[in-house]
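Here's the structure, in structure tokens; my notes come after.
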Protein chains: 2
Amino acid sequence: MAVKKNLTIYDIAKEAGVSPATVSRVLTGNARVSKLKKERIEAIIKKYDFKPNALARGLSETKSNVIGMIVADIRNPFYATVFLECEKEASRYGYTLMVCNTLGDPDLENIYLEKMYEQRVDAIINVGGRVDDLVSNTDFVDHVNRIANVIPVIITGKLDGSDCYRVNIDQMQAMEVVMDYIISLGHKDIALIGGRDNVQSTVDKRSRYKQLLKRYGINVRNEYIVEGKRYDDDSGYECMQKLFALEQLPTAIIAINDFTAAGAMRALTERGISVPEEISIVSFDNTFIAEVTSPKLTSVSYNYEKFGEKIVHAALSAIRGEDVPRIQLIQSELVIRGSCAKLNKVD
Amino acid sequence: MAVKKNLTIYDIAKEAGVSPATVSRVLTGNARVSKLKKERIEAIIKKYDFKPNALARGLSETKSNVIGMIVADIRNPFYATVFLECEKEASRYGYTLMVCNTLGDPDLENIYLEKMYEQRVDAIINVGGRVDDLVSNTDFVDHVNRIANVIPVIITGKLDGSDCYRVNIDQMQAMEVVMDYIISLGHKDIALIGGRDNVQSTVDKRSRYKQLLKRYGINVRNEYIVEGKRYDDDSGYECMQKLFALEQLPTAIIAINDFTAAGAMRALTERGISVPEEISIVSFDNTFIAEVTSPKLTSVSYNYEKFGEKIVHAALSAIRGEDVPRIQLIQSELVIRGSCAKLNKVD
DNA sequence: AATATCTTTGAAACCGATTTCTTGGGAAAG
DNA sequence: CTTTCCCAAGAAATCGGTTTCAAAGATATT
């Protein structure tokens, strides 16, 4: 009835009058056991609510059924959503997730990598952090590779020279979705705010932004590309101050993520500029922040479900030793809410 | 130099010309080893970047150095913050966290509880979910107790009749902080929106709200207490519609959490009612949602750092078999931002 | 120099599962 | 009725650590 302390297959075996090996066979289903004994053993397992010790099993099978996940900051809804989707998928295959937050500390990233290895996780998923950095740190790459050599490592960034599997958001396509939409609304004066120069995803977005403007025959104005210090709302607010200092305000703003957009909206509200009537805003990530602003934000969704699926499937296939594509891309789509409007001014 | 596959203490021992026992002694530091051998062994460990197999160690020590955490939804910034603070504290003591999301599914809660036990985590932290429910489900309590009997379980809710350790937010005090503030600004017509009837924390807040109104000699108006279906922004929006239907709008609104407040603000913005000039809003949780609205939200902060500390310390003490208080309370303080103003209307 | 005490270290048991190897019994084949 | 084959199930090895126990060596005591 009650879980007793330290019940083992030996106890079960004794009570069933069989050997521990037979109990193990019932547990794993890896070998045939006579119906009679099988039922007797199962009844006893149920009676005591016996659960085999995963440590012992892991030691014996040299496999823990745990996947490690290293994220920059789980409070960031982007990471939280990716994590959740990974968990959903992983649990379908009997895996549990172990999580560590690096909080942007490169040393912690190394330490947690070691820790995951020590825990003998079956795979490591690394989302955000240094794997996103453009400046490829050779030491870090070496360190990751030493581990990727033993345990499959899946990253969502780039990390040149690493032996990791990559599942990446197709930033080019994501930006295209945004630009097509905003331009279809008649906008030509479009700013791109937020993001740092040394982050791969930001650099990709910027380059596609310029490329698409050209394709549409619109002049690229460098003062409309505003760098942000971080990826939070205050950075968005600061970016807007820079735009306010210009002679001509853009009619549409693309924010690097929802946080940045929210900060931008706050700056606009303070100035009495209304969204979307006077200025339109789109952003990336489609986190719940996009639901929480007034008006709600139109934002690019990365299809998190598929993102999580691909990440976990890459991990599982790699664990099984199957061939896994080194790079996979995720396509995005726009979720239209209330922050964009048709341009009706005529200049 | 490189992590080699499946290096064990036996390999280290062989290369150092000692027995595995001696290597183990160096690793654990639990026994004296001569300086000469110690240094030789340490050099070899470093050379190969050897990390002992945590599964084997765990099996041997019957202790995994892993703490399991069950939350309702890690995307909710409240849970994410609690988790992060727990992780910070736990990692100081060499513990790693394993996380599962129940997404409000009671069956999953049971399954994950079992899974954690199977993984032989050293303690389980359960935040949100059924441990917060007022309707005490005897089956669930039994199930939790069966596990709490073997592994310490720490919950942030109530769960009558359970053998768990409780670390709770002092909802009474939290509400008092809010009410004192809002009343000091001159408000008398104060609504309390959001939250469900069967959630402990909500019920506590409501009862304190009424109590405090009486203490200040203000009439309790039942139409100012609006229940929300969920704890999200849309619920906040719906609550506001109910208030709009009343003859007299309140001058201040207390929202059950930041999400609800954000939804309420959206409803107000749509109606052209300005915050805080025409109506003030306060809320609970002080998540980053409070930073992301325009204006930023004044919100009650639960001192998450201390919250995480107390939870983890309770877990660690219980693991060590020390005496742990069955209930501990967390005190809150108000973080004042821009969503409240003095009442200057005279009726 | 002989005895007592303290350190250091290895051998072996143990943690709790899985799995290989082996054997005994029953069914099928000759 | 014997021989062959298959299947169920136990004994024992294994996974990789920690720890107890005992022995050997070094140091201190008389």
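Residue numbers begin at 1 in each chain, while the letters A, B, ... track the order of the sequences.
- A:Tyr302 and A:Tyr304 have perpendicular rings, their planes meeting at more than 60° on a 0 to 90° scale where under 30° would count as parallel.
- Place A:Leu59 and A:Thr22 on DNA chain D by their nearest nucleotides, and A:Thr22 ends up nearer the 5' end.
- Applying the 4.0 Å criterion to OP1 and OP2 of C:dA17, one finds that A:Ser60 has every side-chain N and O outside that range.
- Separating the CZ atom of A:Arg25 from the P atom of D:dA8 is a distance of 10 Å, rounded to the nearest angstrom.
- Qualifying side-chain contact (heavy atoms from CB on, under 4.5 Å) partners for A:Thr22, counting only residues two or more places apart in sequence or in other chains: A:Val18, A:Ser19, A:Arg25, A:Val33, A:Ile41.
- Looking only at side-chain heavy atoms (C-beta outward), A:Arg130 and A:Pro106 come within less than 4.5 Å of each other.
- The side-chain contact (heavy atoms from CB on, under 4.5 Å) test applied to B:Lys14 returns no partner, not counting sequence neighbours.
- Evaluation of the side-chain contact (heavy atoms from CB on, under 4.5 Å) rule for B:Pro20 yields B:Ile9, B:Tyr10, B:Ala13 as partners, not counting sequence neighbours.
- Of the residues in residues 29-37 of chain B, those with a non-hydrogen atom less than 4.0 angstrom from any atom of DNA chain D are B:Asn30.
- A donor-acceptor pair shorter than 3.5 Å cannot be found between the side chains of A:Glu87 and A:Tyr95.
- One can place OH of B:Tyr10 at 13 Å from P of C:dG10, the figure rounded to the nearest angstrom.
- For D:dG16, the base has no donor-acceptor partner in the side chain of B:Thr8 [N/O atoms by modelled type, under 3.5 angstrom].
- Among residues two or more places apart in sequence or in another chain, the side-chain contact (heavy atoms from CB on, under 4.5 Å) test is passed with A:Glu39 by A:Lys35.
- An end-to-end axis angle of 40° holds for the helix from C:dA1-D:dT30 to C:dG30-D:dC1, taken from five base pairs per end and rounded to 10°.
- Considering only side-chain atoms of A:Thr28, the nucleotide from C:dT18, C:dA17, D:dT18 that sits closest is C:dT18.
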